[in-house]
Amino acid sequence: MPAVGRRWGLRPRPRRTGFRPLPSRTKVRASYVARDPGMRLSAYFLPTLKENPAEAQIVSHRLMLRAGMIRQTAAGIYAWLPLGFRVLKRVEQIVREEQDAAGAQELLMPTIQSADLWRQSGRYDDYGKEMLRITDRHDREMLFGPTNEEMITDIFKSYVKSYRDLPKNLYHIQWKFRDEVRPRFGVMRGREFLMKDNYSFDIDADGAKRSYQRMFLAYLRTFARMGLKAIPMRADTGPIGGDLSHEFIILADTGESGVFCDRRWLDLDVLAAAPGYDEDLAPFFERYTSIYAATDEKHDPATSPLAASELVSARGIEVGHIFYFGTKYSGPMGAVVAGPNGEPVTVEMGSYGIGVSRLVAAIIEASHDEAGIVWPDSVAPFRVGLVNLKSGDAECDAVCEELYGALTRAGVDVLYDDRDERAGVKFADMDLIGLPWQLAVGPRGLKNGVVELKRRATGERQELSKDAALARLTG
RNA sequence: CGGCCGGUAGCGCAGCCUGGUAGCGCAUCAGACUGGGGGUCUGAGGGUCGCAGGUUCGAAUCCUGUCCGGCCGACCA
């Protein structure tokens, strides 16, 4: 149940049911209880920039700074301002919904972990300087978690004692810290980042592979919902370890990894024939892992099965990574359950990560133009930007208020630019922050009884009556 | 962690070489004119020049140290 996501006001909803009742004596204005999904720009904290900050090298970083989404507070560490925060929460919510649909269960583990836990798996020394190590007032060794295999294994083994309780798949969405030598590209490669990580526990290798395949499908569905084409590629397992692993890569010129894939990937709709989670996922998995795709670590031109004409060489952004690693952690840490015959069985594990904060930048890399960001509808901070082209004009103000009220009542997230600014400034800001729809109301149009609706992605504009515009935006 | 570059108003930058009243554009504030794609004019506010030490009558400027940031490499969701 996405209880947390619900609180953030992320999706349009006609009515709210999740509130605790207020004490009966408390007097509250109705507008407070039924929170307005809209926002007036004159009151909103949206510090947009006209010029490009010097430190930003790639387009997503530049646009996130210019659109007032983030603010760097230290190398690789960012504050999320209201607009950026909305997008982050929407991305997070899509990830959550797809995890839930795949049968994973959400929990929340702390950011700070004890060093002792990591000594049990032997990774305390292996992880090196990437791990931020801290001591508390009693000189106890702690660390800011870069990942959670040890902690989840510890939690799991404390309670789960029987094969009857398997399989289990637990996830959380929590801030991680990896002390990168060289953070760069904004939230694309920050030191602190929001990650969804989950962990599957199965009684045997066959079960673990089924869990792996479920996540494989869940990941494809997740990225597709954000308007991204993510290609699963054979990958190195790195410090997580294991023998089966795929990275999910979005093709982008600014990507950090070199990648190679079969040309067929470019216009493949992987979800067209996707099975349901209750079906046998093996054929689907086999099919899409057999179409060649590999990161440069795994790609060997000498043994490549593809002719040069069929092979695409590109750059990519890693947005997800899944691992099957068997008993690498359950073994040393003693995650053992009783099997069907009462014998002890060490559980088979996998772990699965999605870089939630990185995805925000990755989506921008994949969807922008000269004027700014072009948000896919599914993650846009607001659905509609309502532009009053002449604030202070009685008729413009009245029509805007009417549209604003109607949209918010219909549960449409709308950002109303009611500022006393020139039309050009308002259009430029709207294009920059990339809301899917712009609804412009000006005296010239009103004279003819029309408003202008613009689709950000295509630039297509249409003049229509305000009722027709409302119907389009609420339908 | 190695190499290179940088830190001057919220942002973008000049001034530094050759020491002598800290500047420009944008942004901000006030007012006026404007009003369909970052408009024009008038006026105003905003800086211990990253920090510490040194040289000097005098340091943004020269020297030393230090912190922070960017780029290139090696490493990573």
Side-chain angles (χ1 to χ4, degrees), chain A residues 47-58 61-62 65-66 68 71-77 95 127-131 145-148 173-197 219 230 235-240 245-250 255-257 295 297 316-323 351-362 370-372 387-393 396 419-432 438 440-448 450-452 454 459 461 463:
Chain A
T48 58
L49 302 173
K50 200 146 99 177
E51 291 173 273
N52 279 320
E55 76 269 17
Q57 298 299 313
I58 63 171
H61 191 193
R62 278 201 296 272
L65 291 169
R66 285 193 53 209
R71 160 105 185 158
Q72 177 166 308
T73 62
I77 301 178
V95 171
Y127 224 93
K129 302 188 80 171
E130 295 259 299
M131 181 145 73
T147 178
N148 284 66
I173 298 172
Q174 176 63 292
W175 293 93
K176 307 291 191 292
F177 195 95
R178 294 185 192 172
D179 200 357
E180 295 280 345
V181 191
R182 191 179 153 207
R184 60 188 134 167
F185 302 150
V187 298
M188 186 73 83
R189 187 164 168 189
R191 292 193 292 173
E192 190 183 51
F193 57 97
L194 187 61
M195 184 165 106
K196 185 284 301 175
D197 44 320
Y219 273 38
D236 262 347
T237 51
I240 309 283
S245 174
H246 285 88
E247 285 181 14
F248 289 77
I249 302 270
I250 292 162
E256 290 194 87
S257 330
T295 60
E297 293 128 349
I317 300 167
E318 180 183 356
V319 290
H321 203 156
I322 60 179
F323 304 85
S351 80
Y352 317 88
I354 289 180
V356 175
S357 48
R358 170 181 284 187
L359 266 170
V360 175
E370 272 79 52
V387 180
N388 187 339
L389 292 172
K390 192 171 180 180
S391 298
D393 176 272
C396 286
R419 295 174 302 171
D420 182 20
E421 285 287 352
R422 319 244 337 158
V425 173
K426 297 188 178 188
F427 282 127
D429 272 342
M430 277 301 168
D431 284 347
L432 176 63
Q438 292 173 19
V441 176
R444 215 159 74 191
L446 289 183
K447 211 173 295 174
N448 303 318
V450 296
V451 296
E452 184 180 284
K454 173 175 149 184
R461 300 179 213 190
E463 293 200 323

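Here the structure is a predicted model, which is why all the values come from computation and not from measurement. Convention: sequence-line order gives letters A, B, ...; per-chain numbering from 1.
Taking every side-chain heavy atom of A/Pro53 into account, B/rC11 is the closest of B/rG38, B/rC11, B/rC71. Taking only side-chain atoms of A/Arg444, from C-beta outward, the nucleotide of B/rG70, B/rG36, B/rG38 with the closest atom is B/rG36.
A/Lys176 comes within 4.0 angstrom of no nucleic acid atom, judged by non-hydrogen atoms across all strands. Counting non-hydrogen atoms under 4.0 angstrom, A/Ala74 reaches the backbone sugars and phosphates but no base. A/Glu247 comes within contact range of no nucleotide atom at all, as no heavy-atom separation falls under 4.0 Å. Nucleic acid contact for A/Leu49: none, since no nucleic acid atom lies under 4.0 Å from a heavy atom of the residue. Within 4.0 Å of A/Gly353, counting heavy atoms only, lies no atom of the nucleic acid at all. The residue A/Gly190 sits close to a base: some heavy atom pair falls under 4.0 Å. No engagement by A/Lys196 is indicated, since no non-hydrogen atom pair under 4.0 Å with the nucleic acid exists. Within the nucleic acid shown, A/Arg461 comes within 4.0 Å of at least one base atom, counting heavy atoms only. Using a 4.0 Å heavy-atom cutoff across all strands shown, A/Arg71 reaches no nucleic acid atom at all. Among the protein residues, A/Asn388 comes within range of no part of the nucleic acid, since none of its heavy atoms lies under 4.0 Å from any strand. At the heavy-atom level, A/Gly392 lies nowhere under 4.0 Å from the strands shown. Residue A/Asp197 is out of contact with every strand shown, counting any heavy-atom pair closer than 4.0 Å. Within the 4.0 angstrom heavy-atom criterion, base atoms lie near A/Ala428.
Distance A/Glu256 CD to B/rC71 P: 11 Å, rounded to the nearest Å. Summarising the geometry, the separation between NZ on A/Lys50 and P on B/rC26 is reported as 8 Å, rounded to the nearest angstrom.
With hydrogens and angles ignored, no donor-acceptor pair closer than 3.5 Å exists between the side chain of A/Arg191 and the base of B/rC76. Between the side chain of A/Gln57 and the base of B/rG70, no donor-acceptor pair of N or O atoms lies under 3.5 Å. Donor-acceptor pairing under 3.5 Å, judged by distance alone, is absent between the side chain of A/Arg419 and the base of B/rG38. One donor-acceptor pair, N or O on each side, does fall under 3.5 Å between the base of B/rG25 and the side chain of A/Glu51. Evaluation of atom-type donor-acceptor distances gives no pair under 3.5 Å for the side chain of A/Arg422 against the base of B/rG38.
Considering A/Arg419, A/Lys50, A/Arg422 in turn, A/Arg419 is the only one that fulfils the salt bridge (Lys or Arg N to Asp or Glu O under 4.0 Å) rule with A/Asp429.
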